[in-house]
2 protein chains.
Amino acid sequence: MIALSFVNRHNFRYYRLALDFHDNYLKWLRILKITIEDVAREANVSAMTVSRALRNPEKVSTKTREKIEAVVERLGYVPDPAASALAAGRTNVIGVIVPSVTNNVFSDVMLGIYEQSEGSKWQIQLGNSRYSPLEEERLVRTFLSQKPAGLIISGLDQSETTAALLKAAKCRIVQIMECGSAPYDMMIGFSHLEASRAATHHLLEEGYRRPACISARLDPRSQRRLEGYRIACREAGIFDPRRIVTTPRPSTVTLGGELVADLLSKVPDTDAILCNNDDLALGAMFECQRRGIAIPETIGICGFNDLEMMAAANPSITSVRTHRMEMGRKSMQMMDDALSGKEPKVSNIDLGFEIMVRESTSRKKA
Amino acid sequence: MIALSFVNRHNFRYYRLALDFHDNYLKWLRILKITIEDVAREANVSAMTVSRALRNPEKVSTKTREKIEAVVERLGYVPDPAASALAAGRTNVIGVIVPSVTNNVFSDVMLGIYEQSEGSKWQIQLGNSRYSPLEEERLVRTFLSQKPAGLIISGLDQSETTAALLKAAKCRIVQIMECGSAPYDMMIGFSHLEASRAATHHLLEEGYRRPACISARLDPRSQRRLEGYRIACREAGIFDPRRIVTTPRPSTVTLGGELVADLLSKVPDTDAILCNNDDLALGAMFECQRRGIAIPETIGICGFNDLEMMAAANPSITSVRTHRMEMGRKSMQMMDDALSGKEPKVSNIDLGFEIMVRESTSRKKA
DNA sequence: CAGCGAAATGATAGCGCTATCATTTGTCAA
DNA sequence: TTGACAAATGATAGCGCTATCATTTCGCTG
């Protein structure tokens, strides 16, 4: 069965058996490793032709390509990405930097990115900056050292150094999550300030006159949402700083309840609560229910992001829908287009938002 | 200011300015790139010494090390990981393969992994298999081609090919999420079957006689939890297959409500619901509330995983606490130990679980 | 069937780093 | 001071692949 054996560049004869070999010595490993040269030798072509057949099949004749593919299959050849990256001076890596992996918002965005990248040659690599600009800087450095094809990064608020690194970077960049005027390259998101302002307007329209705002984890986007609330209140001439209750602690449902408790002890006449995210909103709702406060009659509750559970809650909770999965998908699509030479027509997209009015703020009906 | 300029191997003189150069041509890029040779020349040592100073500082004299560090800093040298991987035949990458990035369970595990890896030299790389064994296989291949130092993979149910690849792999492997008898290498998790069985026992102890079970996304772990429920019911002589309602759709809070609706239309006398995860449990609770069904008096509800919101809900929801972050942390620690030569004493850890009894099943008190 | 341009293939020379072993320098006891 | 040994450093030779350009083969026209 000659077809089941072959001799590699070290004059080492392989049999099917070789697959089962176990050996810890580096040298042995290397001798055993199947390289592009092995494939070339078996297929009676040059290494270069094998390389082409694998990366640009259209540059190789059909006959040759099929022959090579058969050998690749038979030997189980897998290209070494390190060697490829070194020789080509670039990779198919697209780095994605998000501030949190536990926050549903970012996992939805990631889902969109993964889905859109499916079937493409791009390899997604996730970095978690844990809301730390320093960690973000470290990640950018790490990613850039890998010569990625592209970088997807969250937000507008990079450190000065990070910004300098990104501006000088030779790869394409998509900023996600927010809208702003000076993208490094491309951008897709929405205005957190406007979204929050619109949500506050909605509360006012529903007849609430003393709306409060609770917020946790004061990252830049939270801050801008808070600012949207402030602006809307000032516009209506009802701004009262006592009605803003915040904490630097990360958001949880429990925390939502605690912030409401804090809020109501300070300003008991509050008649609506704009929650900076949906976890807080859910916690706020539970806390109100525990206190026997009627929702939406006595207090209205509005969340932010419109996670799936908002519609299922009892009462269902009004929230600001943000298009997270779409943001992920489109960011990846922009990246793919840019890297494929079809420069996207619009490189700075505002996805907007949508106020999903539900029972928790529908006082009129009642 | 000679100190601010230097001449690289292409006899190209750098100034601080060079950092701002923009040029799309590969050749220019390469000429501009600072390499280990550049550092060596500036520091009057060999490239090898620079390499050592950066990777094994203790193998280089203090004086030399400091000199090199200064040059590295001044030139902004960053090693090329591709070249390093190619020359060394290995990397500091630890691949992590999880079936979902949106599921809170896995994001908690990831958080633990990230936290534990902080400050170490290991570079975490996340892969998302989307509950597909084929995608998992593709990911394993991709990771292995990168010669990772280690692989962290979820569950016991790999495809045959994947299993063969993992067994033959030269890197360390930690399996997470479950307990089993034949790890590829190391393992840490808990028994989903036992956890679910214990939860069912709890319901029976609370006096519930007609407990049902709802489940979505029938992955292997869900199936084993279902099996735990079945076993417990059979042991009590009350098993009734009509009380199991499942769907292949992924879990959501809304779906929890729908499954309960379905369940109650089929077997209205159900007096407790074991939910295969906490999202379903929350949805089940909302649906019961909407129908005016008293919890825990008429129907008891128990979740699985004990996400943070379970304790905050109203009523608070009983759930099976699983030690997800600890699992992430410990898996990474085992990996680190194994790679650092301190072979862990126990290589197959059962983290157990804990029934967190709360209002939603505390009928006795009432 | 010659001759031409395009398509297909090959030869060569690195990419930037590290394993290995050789050489130099330093340290300390006798 | 000398010699023996360890510590520090260096020279060399790739790792496996691809960019580049040279060469060969093919398809077609006149």
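Quantities reported herein were computed from a predicted structural model and do not represent experimental measurements. Reminder, nothing fancy here: chain letters follow the sequence lines and each chain counts from 1.
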ask   = If you round to the nearest 0.5 Å, how far is OG of Ser159(B) from CD of Glu135(B)?
value = 12.0 Å

request  = At under 4.0 Å between heavy atoms, which parts of nucleotides 23-28 of chain C does protein reach? Answer with one letter per nucleotide, 5' to 3': B base, S sugar-phosphate only, - none.
outcome  = ------

ask   = For Gln158(A) and Tyr184(A), does a side-chain donor sit closer than 3.5 Å to a side-chain acceptor?
value =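 A pair is found: one side chain offers a donor N or O, the other an acceptor, under 3.5 Å apart.
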
Respond yes when some side-chain nitrogen or oxygen of [X] is under 4.0 Å from OP1 or OP2 of [N], and no when none is.
{"X": "Ser84(A)", "N": "dG16(D)", "result": "no"}
{"X": "Thr64(B)", "N": "dA8(D)", "result": "no"}
{"X": "Arg90(A)", "N": "dA19(D)", "result": "yes"}
{"X": "Ser46(B)", "N": "dT9(D)", "result": "no"}

Please state how far atom [atom1] in [X] lies from atom [atom2] in [N], giving the value in whole angstrom units.
{"X": "Arg41(A)", "N": "dG10(C)", "atom1": "CZ", "atom2": "C1'", "value": "16 Å"}
{"X": "Leu86(B)", "N": "dC15(C)", "atom1": "CG", "atom2": "P", "value": "13 Å"}
{"X": "Arg65(A)", "N": "dA8(C)", "atom1": "CZ", "atom2": "P", "value": "10 Å"}
{"X": "Met48(A)", "N": "dG14(C)", "atom1": "CE", "atom2": "C1'", "value": "13 Å"}
{"X": "Lys63(A)", "N": "dA7(C)", "atom1": "NZ", "atom2": "P", "value": "19 Å"}

ask   = Taking only residues two or more places apart in sequence or in another chain, which ones pass side chain to side chain contact (heavy atoms under 4.5 Å, CB included) with Gln333(B)?
value =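 Scan of Gln333(B) (side chain to side chain contact (heavy atoms under 4.5 Å, CB included), adjacent residues dropped) gives Gln116(B), Asp337(B).
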
inquiry  = Can you pull out the residues from residues 51-61 of chain A that lie within a 4.0 Å heavy-atom distance of DNA chain D?
reply    = Ser51(A), Arg55(A)

Donor-acceptor pair, side chain of Glu37(B) and main chain of Ile34(B), under 3.5 angstrom = no

ask   = Do Thr49(B) side-chain atoms and Val45(B) backbone N/O form a donor-acceptor pair below 3.5 Å?
value =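 No, Thr49(B) side chain to Val45(B) backbone: no donor-acceptor pair under 3.5 Å.
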
note = Between Arg130(A) and Glu118(B) the two heavy atoms that sit nearest each other are NH1-OE1, 2.5 Å

task = With the side chain of Asp80(B) defined as its heavy atoms from C-beta on, choose the nearest nucleotide among dG16(C), dA19(D), dT18(C).
result =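 Of the candidates, dG16(C) comes closest.
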
query = Ile36(A) has a side chain; which of dA11(C), dC17(C), dC17(D) sits nearest to it?
reply = dC17(D)

key: Lys147(B)/Asp80(A) salt bridge by N-O under 4.0 Å criterion   = yes

ask   = Any ion pair linking Glu58(A) and Arg52(A) (charged N to carboxylate O, less than 4.0 Å)?
value =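 Answer for the salt bridge query: no.
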
